[in-house]
Amino acid sequence: MRTSWADLAANSASENAGTSNSTAPSRPVYVPPHLRNRGPSESLAPAPPSNNNNNVGSRWGALPPRNGWGNRSGGWDRREVNPFGGQEDAAAEEELGGEEQQESTGINFDAYEDIPVETSGENVPPAVNTFAEIDLGNALNQNIRRCKYVKPTPVQRHAIPISLAGRDLMACAQTGSGKTAAFCFPIISGIMRGQAQVLQRPPPRGVRTVYPLALVLSPTRELSMQIHEEARKFSYQTGVRVVVAYGGAPINQQLRELERGVDILVATPGRLVDLLERARVSLQMIRYLALDEADRMLDMGFEPQIRKIVEQMDMPPAAARQTMLFSATFPKEIQRLASDFLSNYIFLAVGRVGSSTDLIVQRVEYVQESDKRSHLMDLLHAQKANGVQGKQALTLVFVETKKGADALEHWLCRNNFPATTIHGDRTQQERELALRSFKSGNTPILVATDVAARGLDIPHVAHVVNFDLPNDIDDYVHRIGRTGRAGKKGLATAFFNDNNASLARALADLMQEANQEVPDWLSRFAARSSFGGGRNRRSGGGRFGGRDFRREGSFSRGGSDYYSAGNNSSGYGTSGGYGGGYGPGVTSAWD
DNA sequence: AAAAAAT
């Protein structure tokens, strides 16, 4: 019987020393990172004093690099690869001055002042203004310094205290301003604290099953990669291990990484289901669930998979885990679906960055289908002339179809514009190469389908061209959000023609809300095509990414009413409840 | 209708 952490730690230590290859597989009983890898006596002793005091308890003592939880490979002792590339260690030691700091973060914090924030739900924990106010622990604080984060962004100021208080969260907030950190910090901190409680349930003893404590899901492979890279920085030398799993890449390498231990698993849904069905991963120990681009994850294409993962595998129920949903657009219908996954959650809406200053200049031009290519060429020529040192500024061109993407790429290349493309018909290798080549400026034009519309943080995208406009205004919002990142300026140009009539109203409204110049012809289009203008209608004003759907309509008396009333006769069982498909669809101007 | 996501 293993009844104490000392025993567990001892066992863990012996496994890690490679002496227990024949022992039982990993047991999903929680051992906090700072107790792993220790001998029995050591585990009971106070942790060594931290080398960088910041009034956190001894439990935050300096943590040795270790292998992760769920690991039985034994003897993995290798030094953790420094995700900062070795450059940042020095920076972490020194305190930089204000201006310099802000410059070096790459985030223009001035753009984050005066951002409207709205919260709803019961007992909302107060926001913080500095990282110092939050007890994240020494190791994490050091990584925050290494990342050169000086002060929390608005979404972090609100979301982190909410998460640290153990509350579920539905957050409407822009990416590129620290959204990943907003859910990673509390997860890492919580895992380190050992807040994750022992789950009293006998595990099925799959031979090489691993038991992550946190699961982060995202809708595209590249976004999962990006989250993984960021999370690794945040968890460097915390003892918390982050592993990523996604399709299109050899599974064996991912399996090996998993076997080395995993605390936080970042994944796309398909590959995760595969891993679950192979019993290589169990969700029994999940204490934290985060869905990035949550509205996308719950739309028609994804919902069944997500439901399967969250509700039909071995994930603990909502009340037994902490769930955080993030997106910049949150239609009411999706909020309703999402509320199934949440328990007494807090809704958080953070207004757009630069809601008054408009960091993204949006232009719409009327361009017939047949003129689009030459029009694009004109734009590219013009900006080449303006470009720094005659170089083409990074331009992201969105098209509707995969074939269209290939065709446009070839045409651009033939016309001496170095372009590449990313879409779902390309191999994962090609996709990753394309993204790297674009980011590096090697191929300054990237033609993309909506695979690249969400969440991807590509610094220095100067221009987003909607060569083909999407049918849904939310997609437009996500696409243009690839520029104007981190509080910097950006330009978005859309080619509009009769085929886009159904988007006219929503587009005109959106641009108006963002204080953009709306061409007269577009207003006329909008007036003409607005009757019954369906799902593209937005509402709730331009300040927020969304409003808490619990506050809308007849169930606004109090958040809890919604849960207790079984959708019976209280007046919102009908389509009126959440707008019959197009009501106040909640969107923000951003991710 | 298209795109994404497992092999």
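To find a chain, count down the sequence lines: A is the first, B the second, and so on, and within it residues start at 1.
A side-chain N or O of A:Asp295 and one of A:Ser327 form a donor-acceptor pair less than 3.5 Å apart. In summary, the side chains of A:Asp457 and A:Gln226 do not present any donor paired with an acceptor at a separation below 3.5 Å, with no hydrogens or angles considered.
Within the 4.0 Å cut-off from OP1 or OP2 of B:dA6, at least one side-chain nitrogen or oxygen of A:Arg221 is found. The side chain of A:Lys402 contributes an N or O atom lying less than 4.0 Å from OP1 or OP2 of B:dA4. Considering only side-chain N and O atoms, A:Thr449 lies nowhere under 4.0 angstrom from the phosphate OP1 or OP2 of B:dA2.
Across the protein-nucleic acid pair, A:Asp425 atom CG and B:dA2 atom P stand 12 Å apart, rounded to whole Å. Whole-Å rounding puts the A:His478 NE2 to B:dA3 P distance at 18 Å. As a whole-Å value, the separation of A:Ile422 CD1 from B:dA3 P is 14 Å. Put simply, CD1 on A:Ile309 is 9 Å from P on B:dA6, counting in whole angstrom units. Taking atom CG of residue A:Asn499 and atom P of nucleotide B:dA2, one finds them 14 Å apart after rounding to whole Å. When rounded to the nearest whole Å, the span between CG of A:Asp299 and C1' of B:dA1 equals 14 Å. Here the C1' atom of nucleotide B:dA4 and the CE atom of A:Met297 are 10 Å apart, to the nearest Å. For the pair A:Arg479 CZ and B:dA3 P, the computed distance is 11 Å after rounding to whole Å.
When heavy atoms are screened at a 4.0 angstrom cut-off, A:Gly424 is found touching the sugar-phosphate backbone but no base atom. Across all strands, A:Asp450 comes closer than 4.0 Å to no nucleic acid atom at all (heavy-atom distances). Among the heavy atoms of the strands lying under 4.0 Å from A:Arg431 are primed sugar atoms or P, OP1, OP2 only; no base atom is included. Nucleic acid contact class of A:Val273 (heavy atoms, under 4.0 Å, all strands): none. Within the 4.0 angstrom heavy-atom criterion, base atoms lie near A:Gln305.
Side-chain N/O atoms of A:Asn471 and base N/O atoms of B:dA1 include a donor-acceptor pair closer than 3.5 Å.
Salt-bridge check for A:Arg241 with A:Glu257: passed, with a basic side-chain N closer than 4.0 Å to an acidic carboxylate O.
Between A:Phe496 and A:Phe525, a ring centre-to-centre spacing shorter than 6.0 Å is recorded.
Residues passing the ring-ring contact (aromatic ring centres under 6.0 Å, His included) test with A:His375 are A:Phe495, sequence neighbours excluded.
Both A:Thr401 and A:Tyr246 lie close to DNA chain B; mapped to their nearest nucleotides by heavy-atom distance, the more 5′-ward contact belongs to A:Thr401.
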